[in-house]
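Notes follow once the structure below has been shown.
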Amino acid sequence: MKAVILAAGEGKRCRPLTLTRSKVMLPVANKPILEYTINALVKNDIKDIVLVVGYEKERIMDYFEDGINFGVKIRYIEQKTQIGTAHAILQARDIIIDHGEEKFIVLNGDNIIGPDAISDLITGAEGDATLLTCKKDDVSGYGVIVAKGKRVSEIIEKPKTLVSRLINTGIYLFRTEIFEMIENTQISATGEYAITDTLQAMIDNGMNVTMTATNAEWLDAAFSWNLLEANTIVLGDLEPDTTNAKIEDGVNIKGSVSIGKNTTIRAGSYIVGPVVIGDNCDIGPNVVILPSTSIGNNVSIASFSYIKNSILMNDVRISTHSNVSSSVLGSNVSTGPNFITEEGDDMLIQIEGELQNAGKLGTVIGDDTEIGGNVLVRAGNMLSINCRISSGKTISEDIPTDSIVI
Ligand SMILES: CC(=O)N[C@H]1[C@@H](OP(=O)(O)OP(=O)(O)OC[C@H]2O[C@@H](n3ccc(=O)[nH]c3=O)[C@H](O)[C@@H]2O)O[C@H](CO)[C@@H](O)[C@@H]1O
């Protein structure tokens, strides 16, 4: 059986991190979100993948190439304009039909899923189309399902009131007839061709759309700060491995810590897992890294700095005496000495005009932003990509793309 993974969208609610890469390429425990989906398919022996790409497609294609290093065969199809999930699926029609497939799996590429999610879908599938559902306390921002037994009677996309706690995970088993149904799907009020509208039309025409529920891992970083929660959960399964690292005498490592090749941890550093550190990093001396932290490749963290509950992407450079807590730093962010992220609880952040509770948060900083020494970022303020912040500044508001703060 083939799988079609939808990965053409940006993931705007995860800006500024998605201004330079799509949501599927955001790293959790040092792997892009999409890699978890591919690994889950491989564990179910599904190795023939059609990847629908569009926004920032080169990043995806450069990383996964033809899939061979990930144990799969990947064929890329471009969705030139991102006008909805149904339209994205339609792009894969020729590949699926030319190969005489009757059934195929479709997955959103921007969620972290465990392998059991896919086996639950396959074993529970019935009827003309099947959706995989899971129960969530907070269903805001998702499609929800109303069903009698397994038979779905209604799919309501992002309702404003609580109708059901069963959400659509964006994982489906379809028959090839779905393509014809998609072609008849009307554009929605929000200007998209949505697969949920296709399925609702099938139900309205008396077809048998079913659901099957899963308790398997299904994580979504709806907003950039949700990456921190996902990171904490995924790091909970981290296998410790420090065999390829250069660890100087006088380093104290506790708990589950994985350190990549050619990374040096200098004397006096103290690391409490779960923590993952990539390749070619230079950490210390006397640096403290606390749970749950992921540090990418080519990162340097200079002496007396303190990092806690954070994600530092590739090529980040943190200068001495800095404190980074509950924060996400994009690729190639650099700081001067004494850079401090203030940490706040129950932070309320406005995204697309709506207030969201971000929980415990420091900051989120987009790629290529350069920060001078003695800079304090007040809790919950975000810095976009490619900004220059002069030394001594206190950041108490969001900083837009390409800003120079002097
Ligand atoms: C209309 C629809 O499908 N809604 C589902 C979608 O909402 P949701 O709003 O999350 O859907 P998104 O727009 O984020 O897209 C989901 C996936 O499809 C890809 N994509 C999207 C649009 C496009 O034109 N091309 C493309 O490839 C995105 O890259 C992403 O990987 O997923 C949720 C689970 O997370 C479900 O609860 C929602 O019911």
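Counting starts at 1 for both ligands and their atoms, following the listed order.
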message = Which residue is it: Thr242, Asn297, Ile295? I am looking for the one with a side-chain contact (heavy atoms from CB on, under 4.5 Å) to Ile277.
response = Ile295

message = Is it the case that over 12 heavy atoms from other parts of the model lie below 6.0 angstrom from the CD1 atom of Ile68?
response = no

Please list, one pair per line, the donor and acceptor atoms closer than 3.5 Å that link side chains of residues 375-389 to other protein atoms, with sequence neighbours excluded.
{"unit_1": "Arg378", "atom_1": "NH1", "unit_2": "Glu342", "atom_2": "OE2", "d": "3.1"}
{"unit_1": "Asn381", "atom_1": "OD1", "unit_2": "Glu397", "atom_2": "N", "d": "3.4"}
{"unit_1": "Asn381", "atom_1": "ND2", "unit_2": "Arg378", "atom_2": "O", "d": "2.9"}
{"unit_1": "Ser384", "atom_1": "OG", "unit_2": "Thr401", "atom_2": "OG1", "d": "2.7"}
{"unit_1": "Asn386", "atom_1": "OD1", "unit_2": "Arg388", "atom_2": "NH2", "d": "3.2"}
{"unit_1": "Asn386", "atom_1": "ND2", "unit_2": "Asp402", "atom_2": "OD1", "d": "2.9"}
{"unit_1": "Arg388", "atom_1": "NH1", "unit_2": "Asp368", "atom_2": "O", "d": "3.1"}

Note, Arg75 side chain near Lys2 side chain (heavy atom, < 4.5 Å) = yes

task = Could you label the plane-to-plane angle of the Tyr63 and Phe70 rings as parallel, tilted or perpendicular, counting under 30° as parallel and over 60° as perpendicular?
result = tilted

remark   = At a 4.0 angstrom heavy-atom cut-off, ligand 1 is contacted by Leu6, Ala7, Ala8, Gly9, Gln79, Gln82, Ile83, Gly84, Thr85, Ala88, Asn108, Gly109, Asp110, Asn111, Tyr142, Gly143, Glu157, Lys158, Asn168, Thr169, Ala194, Ile195, Thr196, Trp218

inquiry  = A side-chain contact here means heavy atoms from C-beta on lying under 4.5 Å apart; do Leu348 and Asn357 qualify?
reply    = yes

